[in-house]
Amino acid sequence: MKRDSIRQPAPRPFRITWNIRLVIWATGAVAAAVAGVALISSLHSGRESSRWVDHTQQVLLLSTQLENNLLHAESVSRGYALTGDSRYSETFERVKADTMAGLDGLQAVVSDNPPQAQRLHALAALLQQRLSHLDKVVAAGHAHPDLVAALILNVEAQHIKKSIIDGLAAFRQVEQDLLQQRQQNAARAAAISIALAALTMVITLSCVVLATLLTVQDRNRLRMDRVQAKLQEVSRLNAIGQNAAMLAHEITQPITAAGTYLQAAARLIDSGQPASDVREAVVLSGKQIKRAGDVLERLRKYIVGGTGQTTVESMALLLEEAIELIALHREGLFITRDFKDDVPAVCVDRTHIEQVLINLMRNASQAMRQCERRVLGLAVTADGNNMVRVSVSDTGPGVPTQSAAALFEPAYSAKKGGMGVGLSICRTLVEAHGGRIWAEPNSGGGATFHFTVPAAKAAQSTDVGQAA
Ligand code: ADP
C-alpha cells in the first residue's frame with residue numbers, strides 16, 4: 001500500500017495558449033489588412049503611372065505626326081511650285097488640314113499640363129504663319145518661279161520654320177523626360193505591389209502555421225491530460241484495491257480464530273466442561289477480536305497518514321506473542337528458537353512488527369502443511385550497523401532463487417485462493433522501519449525469510465511513518 005499512489009494531482013499551471021492564439025490571429029488579421037490596403041493603393045498608383053506613360057507616349061506620337069505633316073506640307077507646296085501638277089496642290093490642302101487637326105488634338109491632350117500647353121500655344125502661332133507662307137508659295141504656283149524662289153529663300157520664313165522644328169523638339173524632350181519619370185514610377189509601384197503581396201502572403205501563412213501548431217500542441221496536451229487523469233484514476237483504484245486486500249488479509253485470521261475459540265467455548269459448555277476451560281476459550285476469542293480491532297485501527301491511521309509510534313521491545317518476546325496470537329503451537333510444528341543473549345532490544349512499532357512475524361510464521365506453517373518433517377526455526381541475531389536480524393526458516397518446499405525477489409511484489413501468489421499481499425505488506429512495514437526483507441532457500445531444503453529492524457540504541461522512539 002503506497003500512500004503516494006493516492007496523492008491528489010498537483011495544481012495545473014495557468015493555461016495561456018488560447019490568449020496567445022487570439023493575439024496571433026488578431027496580429028495576423030491586422031497585419032494582413034494593413035498589407036492588403038497598402039497593396040491595393042500600390043496597385044492603384046501603379047495603374048495610374050501606367051496610364052500616364054500611355055498618355056505621354058500619345059503626346060510624343062501626336063507631336064511627331066505634327067512635325068511630319070508640316071514637312072510634308074513644305075515638300076508638296078514646293079512640288080506644286082516646281083511642276084504645276086494639281087495633285088500636289090490637292091495633297092497640300094489635305095496635309096494642311098491634317099496639320100491643323102493634329103495641332104488641335106495635341107493641344108487637347110496636353111491641356112492638363114500648363115507649361116506644355118503654353119509652349120504649344122506659341123508654336124501654334126508660328127505654325128499658322130508658316131502654313132500661310134506655304135499657301136502663298138502654292139498660290140504663286142508654277143507660273144511665277146521668281147516669286148516662288150523669293151518666298152522659299154525668305155530669311156524670316158526660314159527662321160519661323162526652324163523655330164517650329166526646334167520648338168517641337170523641345171516640347172518632345174519635356175515629354176520624354178516625363179515619360180522616363182513616369183516609367184520609373186510605374187516600375188517602383190509594381191515592385192512595391194509585388195513586395196506587399198509577398199508580405200501579405202508571408203504574414204497570413206505564418207499566422208495560419210503558428211495557430212495550427214498551437215492547436216496541435218493544445219490537442220496533444222489535452223490528450224496527455226486525459227491519459228494522466230486515467231492513470232491517476234487507475235492508480236487510485238489500485239490503491240483502494242490494495243488497501244481492501246490488505247484489510248481482508250490482516251483481519252481474516254484473527255476473526256476466524258475468534259470464531260473458532262467461540263465455537264470451542266460453545267462445545268465446552270454443551271459437554272458440561274468446567275467454567276474455567278470455557279473462560280479460557282472466551283478470553284482467547286476476545287484477544288483475537290481485540291487484535292482485529294488493533295489491525296483496523298492501525299490501517300485506519302496508516303491510510304489517513306497517521307504514523308505508528310515506536311517503542312523499545314524485546315524481539316524474543318514479540319516472537320512469543322505472535323506464536324501465541326496465531327496459536328502456532330496447536331499446528332503440530334516443532335519450533336526451534338535461537339535467541340542470542342547479546343542481541344539488543346529493538347525500537348519498533350509493536351503491532352507492525354508482530355504483523356510481519358505473524359505473516360512469515362503463517363506462510364512457513366502453510367508451506368510445511370504437506371511435509372512430514374515440520375520444523376519452524378526462529379532466530380534473532382545482531383546484524384551490524386545497529387540493526388537486529390530476525391530469521392524465520394521452515395522445512396517446506398523452499399523458494400526458487402530466481403523468484404525470491406518477486407515474492408514481495410503485490411498480487412504474487414502461488415497458493416490456491418492466495419491474495420499475494422502478505423509479503424508485500426511485510427516489505428512495506430519493514431521498510432517503514434528503515435530495514436529490509438529478503439528470502440533465500442535453505443541448503444537442506446525449505447526457505448528462510450530474514451528481515452532487519454533498528455536496534456533500540458540506534459533509534460529510540462522513531463516516528464515510523466517518517467521513515468516510510
Ligand atoms: P499469499 O500467502 O496470499 O499467497 P504472500 O505474499 O504471503 O501471499 O506469499 C506470496 C507467495 O510466496 C506465496 O503464494 C508462496 O508461493 C510464497 N511463499 C511465501 N512464504 C513461503 C515459504 N515459507 N515457503 C515457500 N513459499 C513461500
Side-chain angles (χ1 to χ4, degrees), residues 1-2 5 238-257 291-292 295 298-299 302 319 322-323 325-338 351-380 389-433 435-452 468:
M1 179 176 56
K2 291 182 174 60
S5 58
N238 197 19
I240 290 170
Q242 277 190 35
N243 291 339
M246 185 172 172
L247 192 63
H249 181 274
E250 295 200 27
I251 64 167
T252 299
Q253 192 276 329
I255 298 277
T256 310
R291 169 148 191 81
V295 168
R298 179 169 56 75
L299 271 175
Y302 194 78
L319 275 159
I323 292 170
L325 275 169
I326 56 171
L328 209 56
H329 46 274
R330 295 187 184 197
E331 295 193 16
L333 301 173
F334 183 70
I335 303 175
T336 64
R337 294 171 174 81
D338 182 8
T351 324
H352 281 187
I353 295 307
E354 263 178 12
Q355 189 62 45
V356 174
L357 294 172
I358 287 170
N359 285 353
L360 294 182
M361 288 194 283
R362 201 188 300 131
N363 275 349
S365 164
Q366 285 171 355
M368 293 187 287
R369 198 160 278 164
Q370 310 295 329
C371 300
E372 256 180 48
R373 192 167 158 263
R374 303 171 70 205
V375 180
L376 177 76
L378 305 174
V380 182
R389 181 197 292 203
V390 180
S391 307
V392 179
S393 64
D394 61 61
T395 52
V399 286
T401 324
Q402 63 272 23
S403 60
L407 304 179
F408 299 92
E409 293 303 321
Y412 177 92
S413 178
K415 287 179 204 159
K416 201 173 164 209
M419 286 192 288
V421 290
L423 288 179
S424 128
I425 291 168
C426 289
R427 187 174 66 177
T428 305
L429 298 177
V430 167
E431 285 177 356
H433 283 77
R436 62 189 190 96
I437 186 167
W438 69 101
E440 52 192 28
N442 295 336
S443 51
T448 301
F449 284 75
H450 307 273
F451 72 89
T452 59

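These numbers were taken from a predicted model, which means no experiment stands behind them. One-based numbering, in listed order, for ligands and for the atoms of each. All heavy atoms count here, side chains included; hydrogens, waters and symmetry mates do not. Sequential numbering from 1 along the given sequence is applied to the chain's residues.
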For atom 23 (N) of ligand 1, which candidate among L407, N363, D394 provides the closest heavy atom?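 It is D394 that holds the nearest heavy atom.
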G398: heavy atom below 4.0 Å from ligand 1, yes or no?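 Heavy atoms of G398 do come under 4.0 Å of ligand 1.
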N359 to ligand 1, any heavy atom closer than 4.0 Å: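 No; N359 lies far enough from ligand 1 that no heavy-atom distance drops under 4.0 Å.
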For R374, which residues count as a salt bridge (Lys or Arg N to Asp or Glu O under 4.0 Å) partner, sequence neighbours excluded?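 R374: no salt bridge (Lys or Arg N to Asp or Glu O under 4.0 Å) contacts found.
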Answer yes or no: are there more than 12 heavy-atom neighbours, outside R373 itself, under 6.0 Å from its atom CZ?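 Open: at most 12 neighbouring heavy atoms sit under 6.0 Å from CZ of R373.
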Answer whether the closest heavy-atom distance between the side chains of Q355 and R291 falls below 4.5 Å.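 The answer is yes, as the side chains (C-beta and beyond) meet within the 4.5 Å cut-off.
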Give me the ring orientation class for H450 and W438: parallel if the planes are under 30° apart, tilted from 30 to 60°, perpendicular past 60°.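 The arrangement is parallel - the two ring planes meet at less than 30°.
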Tell me the contacting part of F449 for ligand 1: side chain, backbone, both, or neither, using a 4.0 Å heavy-atom threshold, strictly below.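 The side chain, only.
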So which bit of L423 gets within less than 4.0 Å of ligand 1, heavy atoms only: side chain, backbone, both or neither?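 Both parts.
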Sequence neighbours left out, what passes side chain to side chain contact (heavy atoms under 4.5 Å, CB included) with E409? Give chain and number order.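 Listed in chain order: R427.
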